[in-house]
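This report concerns only the one structure given below.
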Amino acid sequence: MLYAILCYHSEEQVCAWSREREADTMARLAVVQRKLAAAGRLGPVARLMPTSAATTLRKDREPPLVVDGPFAETKEQLLGFYIVECTGLEQALETARELGEANPGGSYEIRPVALFNPVSGTE
Amino acid sequence: MSAPEWIDAALVSARPQAVAALLRYFRDLDVAEEAFQDACLRALRNWPRKGPPRDPVAWLIFVGRNAALDLVRRRRRQQELPPEEALSDLSDTESELVQRLDEADFRDDLLRLLFVCCHPGLQPAQQIALALRIVSGLSVQQIARAFLVSEAAMEQRITRAKSRIGTSSVPFEAPSPGERIERLAAVATMLYLLFNEGYSSSGPADIRNHLCGEAIRLTRLLLRLFPGDPEMSGLTALMLLQHSRSAARAGADGNIVLLEEQDRDLWDRAMIEEGLALLDGAVGHARPGPYQVQAAIAALHSRASSARETDWSGIERLYATLERMQPSPVVTLNRSVAVAKVRGPSEALSLIEPLARRLAGYFHFHAIRGAYLRELGREDDAREAFQRAIGLAGSAAEAAHIRQHLDQLVPQPPAASRSGTGAPQSQ
């Protein structure tokens, strides 16, 4: 079963990381990701730009409204996500813990994926 | 990761907002700073045992406020009574405080704190020093290193800046929309000064990078709190695009590597992508401004995979736009560089000759003029221009760079040999 691991963290903190801290964290995460990839469990991985680069389309009205900034003003922001193949919640949590050890701070939201279409244009 | 590292990261990132809120409570920079320091000490004692609080900023404000209230009370017994509003109500709980942090006035706290630092009575260098000390929390020693002055001199500069501001001139009332725009513009100027100090000062590389990083961090934070201001996005984009080249800009010998000669593989792609995305979003507002135009110029350099592929006509047009928005001899000088690329050094030279008087004391004027003269084969004139540039160089790296140009000029008359550090030529 596929799980999405959604990464939430304080953007202010992540943006304040030094280059060394940034490089160390990414290197540690790469180790975990390589392990997942070797096991054939790693799907797409995305790191999002800071929410200062976000734009929101409010489509609950006609015409839709375009506003600068992220959808939700929260203390911690959605900064990225992983798609990982897991046998169940237990393994998903285990994977999230491993990623969390490589990159402490913030939270991971673990959500089972209902539909996954990795290739655009397919039905 | 060791415990102190995550605490340090949390304290550094919480500082601007926490000090800003404490300034609102206490209406005194020194008390607000002391309150934050106190809260940090308590965090270092408590957090390793209890783990991080759910909202570090709120925790620091709450604890800092209580600690400083104690201090104010103690002082009250020794000194005169403080004004009533210096004591906020004591019944707030932390959760109420967290809720309050979401309120719109919290954005104005940060803006106020930054705005206080760009008090019009302060010199630009004082403004930056004050912002680095209070908002970013750099030590006096670090700031002194950045400005190449002694620690004592910097301490004095900051103390003077604080007393110059005084509490009386700090605007505590909520700003009107118009005032808010004015404050944002003043703060943007100060943040760009801070960035430029890091970008072009002659201090050590690590501290210079730190200043650029701080400027970007604070600008991003403001952008997050005040989305929808295209100039703020433009400024953030400009800083990111310029800073993306920092690794390529410093040669192994400490000399400046010019844009055209930089190894573009050393450019930070992530910063460039973010800068381009921000600029893209800003331009969509169709409310152009000087920061967006400068970011667009930087973007044309970033998009060129080699110096040869640079869109110099596009850059020339953008500089012409900037000249209309913000007429200044320095902008014209910069436009001339694009003109030289598109139409040759002769036209570029005639564009800048009328600026000679106004830019007589400007290093880059003489350096650029020297380069045009050399291209035109006027070696003696070029030598004279380069020598004047050396006399005005702001750093050893700048001077060394011009010396390379001088060395390439042949023949060198013995009278104008490279003696000493190159004093300004009298004329």
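- Put simply, CG on B:Asp206 and OG on A:Ser18 are 12.0 Å apart, with the number rounded to the nearest 0.5 Å.
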For residues 104-115 of chain A, tabulate all N or O donor-acceptor pairs below 3.5 Å that involve a side-chain atom, not counting sequence neighbours.
{"from": "A:Glu109", "atom 1": "OE2", "to": "A:Arg111", "atom 2": "NH1", "distance (Å)": "2.5"}

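- Nearest heavy atom pair, residue B:Ser13 against residue A:Ala16, reads CB-CB, 4.2 Å.
- Contacts of residues 42-60 of chain A with chain B at a heavy-atom distance below 4.5 Å involve A:Met49, A:Pro50, A:Thr51, A:Ser52, A:Ala53, listed in sequence order.
- Neither the backbone nor the side chain of A:Glu22 has a heavy atom closer than 4.5 Å to any heavy atom of chain B.
- Ranked by heavy-atom pairs under 4.5 Å with chain A, the first of B:Arg54, B:His210, B:Glu273 is B:Glu273.
- Proximity to chain A (any heavy atom under 4.5 Å) is restricted, for B:Ala277, to the side chain, taken from C-beta onward.
- Neither the backbone nor the side chain of A:Glu76 comes within less than 4.5 Å of any heavy atom in chain B.
- Among B:Arg15, B:Arg220, B:Arg224, B:Arg217, the single residue meeting the side chain to side chain donor-acceptor pair (under 3.5 Å) criterion with A:Glu12 is B:Arg224.
- Neither the backbone nor the side chain of B:Pro16 comes within contact range of chain A; no heavy atoms are under 4.5 Å apart.
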